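Below you'll find the structure, written out as structure tokens, and then a few comments.
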There are 2 protein chains.
Amino acid sequence: MDRASYHSVIVSVSLAGKGVSIYCSVSALNLSGLTKLPVLISPSLEEARRELVIGLEARRLLVMVASCTVEYSGRTGSHLGEGERLVIVKGDGCILVHRGRDYQPVNWQPSGCIIQAQASNGTLVLKAVRPSPLESLTLVVKDVQFLGTFLLQDDAEFVLHASEEEMQRAIILQPDVIEQGFKILDFEKKVPPGFVDVYGVDTEGNTVVIEIKKDPAGFPVIKQLLEYLKYLQAPPGKKLRPMIVAPSIAKGAQPALAKSGIEFKQLTLQKAVAILQKYARSDQQALKSWL
Amino acid sequence: MDRASYHSVIVSVSLAGKGVSIYCSVSALNLSGLTKLPVLISPSLEEARRELVIGLEARRLLVMVASCTVEYSGRTGSHLGEGERLVIVKGDGCILVHRGRDYQPVNWQPSGCIIQAQASNGTLVLKAVRPSPLESLTLVVKDVQFLGTFLLQDDAEFVLHASEEEMQRAIILQPDVIEQGFKILDFEKKVPPGFVDVYGVDTEGNTVVIEIKKDPAGFPVIKQLLEYLKYLQAPPGKKLRPMIVAPSIAKGAQPALAKSGIEFKQLTLQKAVAILQKYARSDQQALKSWL
DNA sequence: CGTGCCAGGTGCCGT
DNA sequence: ACGGCACTTGGCACG
């Protein structure tokens, strides 16, 4: 690829409505050709609509900065007056409307809905309908500041080191982390109100019922565990030992814990990860980089 | 504004690293000047970093499509290998990393964190640190496909028609919706396990304890209400009438409801909204457009 | 600041 | 489909 080919760039300036439409056609990948880089700056609504339809068809990632109103109707309803927002449409048919602040989108539609863009009376209407539960999101676009359509090359795997699941796996791999001689009989054991995380016996033959929390254990988990206990019983002459495994106890939960006869065993995420590291050689690669 | 001024466009083509850097400087607002439209297409990492710093400083909305790795460490930890993602940084200091699919971001940081962009060894590192709880998100950017910085003009108010709150307001405005002659004594009344949504008396002087749900009422709400009842009692010679107000009863919850002696009163969101419409003239404007 | 609770919660997995 | 539950849940209101 020679130096000259880098300059194979088309810039066409057109007058679209009241705005300026700059069409930068560039490709870093195909420099010798005149491949269009799908970025529109202040396009007319009709140009934007055309590009949206192409992007939706190709299931590309659409990123639009536009002035619009947003209506939602479905499980409930919402209304948002006109203003400039960031609109994202993904290849799997989900849509996000973000304002200039806040972590969460002001409106959205989960993946799997039908999205269409149509011109309507001098405005561009973007509609996203979710079949079940039936709900629809409607954007009436008055002005598009920016519209880009991208294809994201992304095959990497996402690895999350978190959660009860890793703590549970650590306990299963090394039951001694609970106490010397602890033996696991079952996990995710079904009882009417829900599932017992870990279920086992101590060296005395007592039944140990464990509820795991990755966060400081508070009142809800105590109630949950007591609820489970109603449906469980120890072997004749043995005790039922309810136990909460968590990194810590929540502020005011200590008295309730003592009163209800529930034991507490500290297990931090770090320790759980260390145990997994020790036992699961195959996981070492994925785990070594964090912490 | 004459036609010629629309062409006041600067396009500079530079060779940045292995990529092409097209710098389209345009403004639809200030066409006579050479105001920069902050959109970079395949900039060098140094160009991107400079633009990011400027955008962060000005608390603008940053939208970047880039190939990067993502590390998270805090309450838990995560790792995501290299791939192309959509990165959003908002003015309030939150950051979202979106992949090409899925409603939710693969990684993020809520608002209020400190974000910095720095060059590092041939890569661009974007770091977002949240002070409390202490957690950090680190993006190592290898290649930037697109970077735009926007200022969103958006003063509209968001109106959500939803939730228990509207149902509660409807009941408070028109207690008859529960039953003829029902009188409200209190709402959000504190009991040890939580709060009673609505608390009142019927025409017989019996105490009515209402729990509101906007979704079909299932087992959890029954348990919740029974929990509250333990801490409440009717006047001498009167009854305690626990009642669930919801659009419907969940599938298998009917028997449990009957068994526990809890009454059910249907109230849909639509009806609640209608009541609010009738009573709150000032709200009519906001409510009239939906449904 | 923790504690409780709602959310258009979402997502995952099970019957 | 409904049920139970975790989530880097986020968000708000309140003691």
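Order of the sequence lines fixes the chain letters, A, B, ..., with proteins taken first and strands second; residue numbering starts at 1 for each chain. What you see is a predicted model, and the numbers here were worked out from it, not measured in a lab.
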Enumerate, atom names and distances included, each donor-acceptor pair closer than 3.5 Å involving a side-chain atom of residues 87-94 of chain B, sequence neighbours excluded.
from: B:K90; atom 1: NZ; to: A:H98; atom 2: ND1; distance (Å): 2.8
from: B:K90; atom 1: NZ; to: A:R99; atom 2: O; distance (Å): 2.9
from: B:K90; atom 1: NZ; to: A:R101; atom 2: O; distance (Å): 3.1
from: B:K90; atom 1: NZ; to: A:D102; atom 2: O; distance (Å): 2.7
from: B:D92; atom 1: OD2; to: A:D102; atom 2: N; distance (Å): 2.7

**OP:** Tell me, yes or no, whether the heavy-atom count around A:Q118 atom CD, taken from other residues, nucleotides or ligands under 6.0 Å, exceeds 12.
**Re:**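 Yes, enclosed.
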**OP:** Answer yes or no: are there more than 12 heavy-atom neighbours, outside B:F187 itself, under 6.0 Å from its atom CZ?
**Re:** no
Original post:
Regarding A:S67 and A:E82, is there a side-chain donor-to-acceptor distance under 3.5 Å anywhere?
Top reply: yes
Original post:
Under 3.5 Å, side chain of A:E84 to main-chain N/O of B:D154, donor-acceptor pair present?
Top reply: no
Original post:
Does A:E188 reach the main-chain N or O of A:F195 with its side chain, forming a donor-acceptor pair under 3.5 Å?
Top reply: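 Not confirmed, A:E188 side chain does not pair with A:F195 backbone.
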Original post:
First contact, last contact: which nucleotides of DNA chain D are these for chain A, 5' to 3', heavy-atom distance under 4.0 Å?
Top reply: D:dA1 to D:dG11
Original post:
Toward the 5' end of DNA chain D, which comes first, B:P220 or A:P133, by nearest nucleotide?
Top reply: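 Final value for this comparison: A:P133.
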**OP:** Using the P atom as the reference point in each nucleotide, state the distance between D:dT8 and C:dC5 in Å, no decimals.
**Re:** 23 Å
Original post:
When rounded to the nearest Å, what value does the distance between P atoms of C:dG8 and C:dG4 take?
Top reply: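 Pairwise P distance, C:dG8 against C:dG4, rounds to 22 Å.
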Check nucleotides 1-3 of chain C against the protein and report each pair of N or O atoms closer than 3.5 Å, with its distance, or say if there are none.
from: C:dT3; atom 1: OP1; to: A:K251; atom 2: N; distance (Å): 3.2

**OP:** Using a 4.0 Å cut-off on protein heavy atoms (strictly under), produce a 5'-to-3' string for nucleotides 5-15 of chain C with B for base contact, S for backbone-only sugar-phosphate contact, and - for none.
**Re:** SSSBSSS----
**OP:** For residues A:E166 and A:V273, determine if any side-chain heavy atom of one lies less than 4.5 Å from a side-chain heavy atom of the other.
**Re:**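 Touching, per the 4.5 Å side-chain cut-off.
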Subject >> Min side-chain heavy-atom separation A:Y199-A:I184 under 4.5 Å >> reply: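 A side-chain contact is absent here, since even the closest heavy-atom pair is not under 4.5 Å.
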Subject >> Summary of salt bridge (charged side-chain N to carboxylate O under 4.0 Å, His left out) pairs that have at least one residue in residues 223-232 of chain B, sequence neighbours excluded >> reply: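 Sorted result for residues 223-232 of chain B: B:E227-B:K230.
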Throw together a table of side-chain donor-acceptor distances under 3.5 angstrom for residues 208-217 of chain A, partners on residues two or more places apart or in other chains.
from: A:K213; atom 1: NZ; to: A:E164; atom 2: OE2; distance (Å): 3.4

